[in-house]
Trainee: 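Once you've had a glance at the structure underneath, I'll fire off some questions.
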Amino acid sequence: MLAESSPSCCLAVLVKSLRILCAFQVNFVVCQLCALLTAFWFRLYLHPSKTSPFVRHVVATLLGLYFALFCFGWYALHFLVQSGITYGIMILAGVEHMHKYCLVFALAYLSFCQITRVYVFDYGMYSADFTGPMMVITQKITSMAFEIHDGECCFAAGVFYIVEFCTDAKKKMRMPSLLEYFSYNCNFMGMLAGPTCSYNDYIAFIEGKPFRHREQETNGKLQGKTRLNDPSPNTEVLRKLATCFISLSVFLSVCKVFPVERNVDDDFIATTPFYAQVVYLYLSMLTTRPKYYFVWTLADAINNAAGFGFNGYDSDGLPRWDLISNLRIMNIELATSFKVFLDNWNIQTALWLKRVCYERCPYNPTAATFLLSAMWHGAYPGYYLTFLTGIVVTLAARAVRHNVRPHFLGSPTHKFVYDIITWASTQIAICYTVVPFVLLSVGPSLKFYRSWYFSGHIGCVLLAIALPVKPRHLRLKEQHSLSSSSDSTDSQKQKAT
């Protein structure tokens, strides 16, 4: 009886899981499309010239919470709990320590929710992945705390490796009100898929100041004309929606043709030549990216439709709407180094990791940043395997770039050959690194690496050991001394004239 009922029970569980998964995906897409339409209405009818920042904050917050309730039900209360407790920490801890306490609590609360969702609820199923928005909220909470801390303390502390953040942080040195805080964390434009943005930029958008602020940064004049009107985002929104349509079409049409799981299939490993396994690995991982292109580009379009994301004008006088863009697709697909790929993939998360960890960690910042990224992403073991592998791949790529690349810059032909080789190497290294991120579990991930004889790990370790690279603190010290010497030279020239 047990043997007879087991297949039917497994089938029933599978069908139920697929229904839940499809329902969640439909809810997400419907909410994002509603947010897109709402964003146009928000920009036209709640423009800063027509209403107060208070009204814009209230509407943006209530709509965001409504979308969250629609998608995740009462799980959305976690968003309010995490935001509310960290707001209390900011008030009670003081400027000197608030950034550390907020980072620890926000990350711990996020990890608790991720662990319970994975190991208490459905493992491997994204049925009600309420931790996705929490990941963005965690970034926003910690970014704000670090901005406030840096604005008060970084110049006084004399820490030269975070000076680049001090200018932006000093623009705002007061605690936000509770409404401003929840509006920043839970607004409808970035509630479901982000992206993360600076608190200063968000408040400037709500108050109607981003255009004047960005124009001042680019001198505000082009061809003798001063720009007084708000630039329209409509053209950029249409372009991004077209990108979304193409990405979704590609994903739905080819994602089932090259399943990632086939890379660990016993028959595939036993009967397929290694060169064909390499090609299939690249194609299978390539077909997973359009899903992220769709989600992040749609989120960017929603923010742009509301008027958020203006980033000044380019050299041709056209408005740029990439202030909070999360990816650059062509730079990703044509990346010739591991760093270029990472710099153009999930851009806002990379900037957040740089701000809160890489630029502040005095020892082994690369390893610390990858480990923080693994903790932030979730509780699946595959995430940790991916980011631990990413550490050695990054060190090897950095060593090759520092030691090998200068020898190919002598002629355009040599540079072209170098770019082709590094493009292929980068794409395979990315795919090799990210396989556990998709497979999630330890067993299939190690099975894949064993089928490749851990060649990627071994090769990267040997390259990192054989090719010397100066430690980061020494490189920063040299850059600091060079900039100081150039400044003194310029001042001497000015005195001489």
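Along the sequence shown, residues are numbered consecutively beginning with 1.
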Trainee: Going by atom types alone, do Thr138 and Trp376 pair a side-chain donor with an acceptor below 3.5 Å?
Mentor: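 No - no donor-acceptor pair under 3.5 Å links their side chains.
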Trainee: When you measure from the side chain of Thr142 to the backbone N and O of Gln139, does any donor-acceptor pair fall under 3.5 Å?
Mentor: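 Answer holds: yes.
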Trainee: State whether the side chain of Asn403 and the backbone N or O of Val400 hold a donor-acceptor pair below 3.5 Å, judged by distance alone.
Mentor: no
Trainee: For the pair His99 and Phe146, name the ring-plane relationship: parallel under 30°, tilted 30 to 60°, perpendicular over 60°.
Mentor: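 Ring orientation of His99 relative to Phe146: perpendicular.
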Trainee: Could you tell me whether Phe416 atom CZ has more than 12 heavy atoms of other residues or ligands within 6.0 Å of it?
Mentor: no
Trainee: Is the side chain of Asn187 donor-acceptor paired with the backbone N or O of Met189 at a distance under 3.5 Å, no angle test?
Mentor: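 Yes: the side chain of Asn187 pairs with the backbone of Met189.
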Trainee: Is the closest side-chain heavy-atom distance between Leu248 and Lys291 below 4.5 Å?
Mentor: no
Trainee: Give a yes or no answer on whether the side chain of Ser232 reaches the backbone of Asn234 with a donor-acceptor pair at less than 3.5 Å.
Mentor: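 Judged by distance alone, yes, a pair lies under 3.5 Å.
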Trainee: Under 30°, 30 to 60°, or over 60°: which ring-plane class applies to Trp345 and Phe341, parallel, tilted or perpendicular?
Mentor: parallel
Trainee: Would you check, one step at a time, whether the test side-chain contact (heavy atoms from CB on, under 4.5 Å) holds for Ile324 with Asn303?
Mentor: CA-CA 9 Å; Ile324 56 174; Asn303 282 272; 3.6 Å; yes
Trainee: Determine yes or no for a side-chain-to-main-chain donor-acceptor pair under 3.5 angstrom, with Tyr119 supplying the side chain and Ala379 the backbone.
Mentor: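 The answer is yes, because a donor-acceptor pair under 3.5 Å joins these two groups.
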Trainee: Do Asp300 and Trp321 touch side chain to side chain, with heavy atoms closer than 4.5 Å?
Mentor: no
Trainee: Yes or no on side-chain contact (heavy atoms from CB on, under 4.5 Å) for Thr433 and Phe338, after CA distance, side-chain angles and deciding distance?
Mentor: CA-CA 11 Å; Thr433 303; Phe338 205 74; 4.2 Å; yes
Trainee: Test your reading of the model: is there a side-chain donor-acceptor pair from Asp314 to the backbone of Gly317, 3.5 Å cut-off?
Mentor: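 Yes: the side chain of Asp314 pairs with the backbone of Gly317.
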Trainee: State whether the side chain of Ser373 and the backbone N or O of Thr369 hold a donor-acceptor pair below 3.5 Å, judged by distance alone.
Mentor: no
Trainee: Would you check, one step at a time, whether the test side-chain contact (heavy atoms from CB on, under 4.5 Å) holds for Phe274 with Trp452?
Mentor: CA-CA 9 Å; Phe274 183 72; Trp452 282 55; 3.8 Å; yes
Trainee: Determine yes or no for a side-chain-to-main-chain donor-acceptor pair under 3.5 angstrom, with Tyr449 supplying the side chain and Tyr432 the backbone.
Mentor: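 Side chain of Tyr449 to backbone of Tyr432: a pair is present.
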Trainee: Apply side chain to side chain donor-acceptor pair (under 3.5 Å) to Asp322 and Ser325, showing your working.
Mentor: CA-CA 5 Å; Asp322 59 353; Ser325 295; 5.7 Å; no
Trainee: Please check: side-chain N/O of Ser198 versus main-chain N/O of Asn200, any donor-acceptor pairing under 3.5 Å?
Mentor: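 Yes, the answer is positive, given that a donor and an acceptor are paired below the 3.5 Å cut-off.
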Trainee: Would you call the rings of Phe437 and Phe387 parallel, tilted or perpendicular if under 30° counts as parallel and over 60° as perpendicular?
Mentor: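 Perpendicular: the ring planes of Phe437 and Phe387 meet at over 60°.
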Trainee: Describe, in one word, how the ring planes of His414 and Phe408 are oriented to each other, choosing from parallel (under 30°), tilted (30 to 60°) and perpendicular (over 60°).
Mentor: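 Taking Phe408 first and then His414, their aromatic rings stand perpendicular (interplane angle over 60°).
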Trainee: Gln348 and side-chain contact (heavy atoms from CB on, under 4.5 Å): which partner among Leu323, Val136, Thr196?
Mentor: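 Filter result, single survivor: Thr196.
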Trainee: Can you give the donor-acceptor pairs under 3.5 Å from side chains of residues 256-264 to other protein atoms, not counting sequence neighbours?
Mentor:
| unit_1 | atom_1 | unit_2 | atom_2 | d |
| --- | --- | --- | --- | --- |
| Asn263 | ND2 | Val260 | O | 2.9 |
| Asn263 | ND2 | Ser284 | OG | 3.1 |

Trainee: Indicate yes or no: does Arg355 engage Glu147 in a salt bridge with an N to O separation below 4.0 Å.
Mentor: yes
Trainee: Are any non-hydrogen side-chain atoms of Cys197 and Phe308 less than 4.5 angstrom apart?
Mentor: yes
Trainee: Do you know which two heavy atoms are closest between Ser83 and Cys186, and how far apart they sit?
Mentor: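 Minimum heavy-atom contact is OG-SG, 4.5 Å.
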Trainee: Is Lys140 positioned over the aromatic face of Tyr199, cation under 6.0 angstrom from the ring centre and no more than 45 degrees off axis?
Mentor: no
Trainee: Could you walk me through whether Tyr109 and His78 pass the side chain to side chain donor-acceptor pair (under 3.5 Å) check?
Mentor: CA-CA 9 Å; Tyr109 192 85; His78 286 291; 2.8 Å; yes
Trainee: Verify side-chain contact (heavy atoms from CB on, under 4.5 Å) between Phe448 and Leu281, making sure each step is shown before the conclusion.
Mentor: CA-CA 10 Å; Phe448 168 76; Leu281 172 66; 3.9 Å; yes
Trainee: When you compare the side chains of Thr366 and Arg398, does any donor N or O come within less than 3.5 Å of an acceptor on the partner?
Mentor: yes
Trainee: Spell out, as yes or no, whether a donor-acceptor pair under 3.5 Å connects the side chain of Arg401 to the backbone of Ser337.
Mentor: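 Not confirmed, Arg401 side chain does not pair with Ser337 backbone.
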